[in-house]
There are 2 protein chains.
Amino acid sequence: MARRGEVLEFAVLGLLNESPQHGYELRKRLNAVLGSWHSISYGSLYPTLRDLVGRGLIIEDQPAPNEPGAKAGPAAPALAGRRAKIAYRLTADGKEHFQQLLGDAGPAAWEDDRFGVHFAFFSDTAADVRLRILEGRRTRLEERMATLRSGLTRTRERVDSYTLELQQHGLDGVEREVRWLSELIATEQDNRGPRDGAPTNESDQGAQRLGRSATGNRPSAPTAR
Amino acid sequence: MARRGEVLEFAVLGLLNESPQHGYELRKRLNAVLGSWHSISYGSLYPTLRDLVGRGLIIEDQPAPNEPGAKAGPAAPALAGRRAKIAYRLTADGKEHFQQLLGDAGPAAWEDDRFGVHFAFFSDTAADVRLRILEGRRTRLEERMATLRSGLTRTRERVDSYTLELQQHGLDGVEREVRWLSELIATEQDNRGPRDGAPTNESDQGAQRLGRSATGNRPSAPTAR
DNA sequence: GTTAGCATGTAAGGAGTTACATGATTTT
DNA sequence: AAAATCATGTAACTCCTTACATGCTAAC
């Protein structure tokens, strides 16, 4: 069944949940959401869209041509013609499916590849789910930190300096990630702190002031060090 | 021609350049060298080995049945039998090819995927090549930093806080990477500073004291170094 | 004498990319 | 009218993983 990439699928549903769009537009937004690292290509996007259509999660919204002539319609100005833009939007099933994905706070949500997408749609995610994902992610990274650290103390003096440097740099990176998550978690807890567990409303506050105050990194001028 | 992954191939050649090994061992070392992130599977490794054999870069060294090949193991296993371990080692061609890969300081060497492997074998790399790779890498990342920054100032206030936070975090990460590279570059230049351009010897000093002195991150004692 | 771990391999397929092919719209 | 850019799509291929299949050796 072609089982197209789950991350890509999730991201597409999320973007279409915000507003209907056509493929070309979608791709650009996608590359922003999924980070600057790996950029999705059309050869990947369009088959995914077709797959989602096939499963009834999205539908193609062909902006009504003047004459729905399948082939030979005369090109009316603006948005008619034989090869019009295809705007995709979520079906009811698609919305439901997306909400279900959003609600998933299980281990899958804090894997390396998945976490980014989940985070990208945190504004649409329930506060408690956000918190559990952040904490799960942090635990996962703390485990990795422990592994890296023991690896480092074991191999110290046994490998050359560059390898050591690389491993240390990797460890530093993970530590930085953990600090970041801890800040986010603290912010989340602060914001729901006094008000107790009751969620205020659907897309609640809490995202409004993730002030990047005393982070520790980025001390002053960014480039001119 | 099956053109197996270039990174994997490079790493295998590099490890076999250090010492002949068999596949199982190789895989573990590989996962250390390539970082904890993506771990190579046998389904990937063995075909690569076969490919390298086919191209005459490595050969299979089947240890003679009742002659143990001086295995430096916990105990001395008398290994015999029809299905013995296959130790791979570089041929003359393989050594030459690896040296050629090591000498490449071109753009390919500072791509995301390639840089790590190049760095892992820096001890075997000429000092000037090291420097050019580090500087190229830094330039690449500075470009990315600029892109991210302009993206951030453009979209600020237009996207939700979580997306912003994610983008800012990504930018911070790249900045950190650039600082790291700058330190490494400074160290490299210090070490060859007085002595001018003449390389001292094959696997020269310079890697010996990459002191992670005043890095700025890792404020206190991480492991008790 | 059976479990656990070492060791080598293969077949199928997943997740994407590149390169190509085409057409529509806007800008110069 | 040419060029650039927007827009959609396909075929072939790459690189890697999963799951399987096999057999050897050490330890309990």
Side-chain angles (χ1 to χ4, degrees), chain A residues 1-12 21-31 34 37-51 53 60-63 65-66 71-88 111-114 117, chain B residues 1-12 21-31 34 37-51 53-54 60-63 65-66 68-69 71 73-88 111-114 117:
Chain A
M1 262 290 102
R3 223 58 217 92
R4 286 273 145 197
E6 300 188 341
V7 169
L8 180 51
E9 197 175 295
F10 190 1
V12 166
Q21 290 163 77
H22 52 269
Y24 192 86
E25 233 175 330
L26 211 43
R27 177 174 178 256
K28 284 190 294 188
R29 303 258 290 117
L30 229 31
N31 290 337
L34 297 181
W37 344 292
H38 75 324
S39 106
I40 261 60
S41 64
Y42 297 121
S44 192
L45 175 58
Y46 283 112
T48 297
L49 287 171
R50 218 181 336 138
D51 192 50
V53 168
E60 304 182 352
D61 233 10
Q62 245 137 355
N66 296 354
K71 271 292 178 182
L79 44 80
R82 297 168 315 202
R83 191 182 179 127
K85 296 187 198 179
I86 300 174
Y88 294 91
E111 291 299 319
D112 285 327
D113 47 348
R114 288 280 206 118
V117 206
Chain B
M1 266 292 106
R3 227 52 221 95
R4 285 274 144 196
E6 300 189 341
V7 169
L8 180 51
E9 198 175 296
F10 190 2
V12 166
Q21 290 163 76
H22 52 270
Y24 193 86
E25 233 174 330
L26 211 44
R27 178 176 177 256
K28 284 190 295 190
R29 303 257 290 117
L30 230 29
N31 290 336
L34 298 181
W37 344 294
H38 77 321
S39 109
I40 260 61
S41 65
Y42 297 120
S44 192
L45 175 58
Y46 283 111
T48 298
L49 286 171
R50 217 178 341 135
D51 191 51
V53 169
E60 304 182 352
D61 233 9
Q62 244 136 354
N66 272 333
K71 285 281 109 180
L79 45 91
R82 298 167 318 202
R83 190 182 179 126
K85 299 184 195 179
I86 301 173
Y88 294 92
E111 291 299 318
D112 285 327
D113 49 346
R114 288 278 207 120
V117 207

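As the structure is a computational prediction, the values presented were derived from the model and not from experiment. To find a chain, count down the sequence lines: A is the first, B the second, and so on, and within it residues start at 1.
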Who are the salt bridge (charged side-chain N to carboxylate O under 4.0 Å, His left out) partners of [X], not counting sequence neighbours?
| X | result |
| --- | --- |
| B:E111 | B:R140 |
| B:R29 | B:E18 |
| B:R114 | B:E6 |

Whole-Å distance between [N] [atom2] and [X] [atom1]?
| X | N | atom1 | atom2 | answer |
| --- | --- | --- | --- | --- |
| B:E6 | D:dC15 | CD | C1' | 11 Å |
| A:L26 | D:dC6 | CG | P | 16 Å |
| B:L49 | C:dA7 | CG | P | 14 Å |
| A:L45 | D:dT10 | CG | P | 12 Å |
| B:L8 | D:dT14 | CG | C1' | 13 Å |
| B:D61 | C:dT8 | CG | C1' | 17 Å |
| A:D113 | D:dC16 | CG | C1' | 14 Å |
| A:E25 | D:dT5 | CD | P | 18 Å |

- Could you work out which one of D:dT17, C:dT10, C:dG16 sits closest to the side chain of B:S41? D:dT17
- Selected nucleotide, minimal atom distance to B:I86 side chain, candidates D:dC16, C:dT17, C:dG9: C:dG9
Give the minimum heavy-atom separation between [X] and [Y], together with the two atoms involved.
| X | Y | answer |
| --- | --- | --- |
| B:D113 | B:V7 | O-CG2, 4.0 Å |
| A:A11 | A:L34 | CB-CD2, 4.0 Å |
| B:L8 | B:L30 | CD1-CD2, 3.8 Å |

- Task: Using a cut-off of strictly less than 4.0 Å, decide whether A:R50 has a side-chain nitrogen or oxygen near OP1 or OP2 of D:dT10.
- Result: yes
- Query: OP1 or OP2 of C:dT8 sitting under 4.0 Å from any side-chain N/O of B:Y46?
  - Reply: yes
Extract from the structure each pairing of a protein N or O with an N or O of nucleotides 3-6 of chain C at less than 3.5 Å, listing the distance.
unit_1: C:dC6; atom_1: OP2; unit_2: B:Y24; atom_2: OH; d: 3.0

- Message: Taking side chain to side chain donor-acceptor pair (under 3.5 Å) as the criterion, tell me which of A:K28, A:H22, A:R27, A:Q21 meets it with A:E25.
- Response: A:H22
- Taking five pairs at each end, how big is the angle between the two axes of the helix from C:dG1-D:dC28 to C:dT28-D:dA1, to 10°? 20°
- Mind running side-chain contact (heavy atoms from CB on, under 4.5 Å) on A:L49 and A:I86 for me, showing each step along the way? CA-CA 11 Å; A:L49 287 171; A:I86 300 174; over 6 Å; no
- Task: Using the test ring pair (Phe, Tyr, Trp, His ring centres under 6.0 Å), find all partners of A:Y88 that sit at least two apart in sequence or belong to another chain.
- Result: none
- Query: How would you label the contact of B:G23 with the nucleic acid (heavy atoms, under 4.0 Å): base, sugar-phosphate, or nothing?
  - Reply: sugar-phosphate
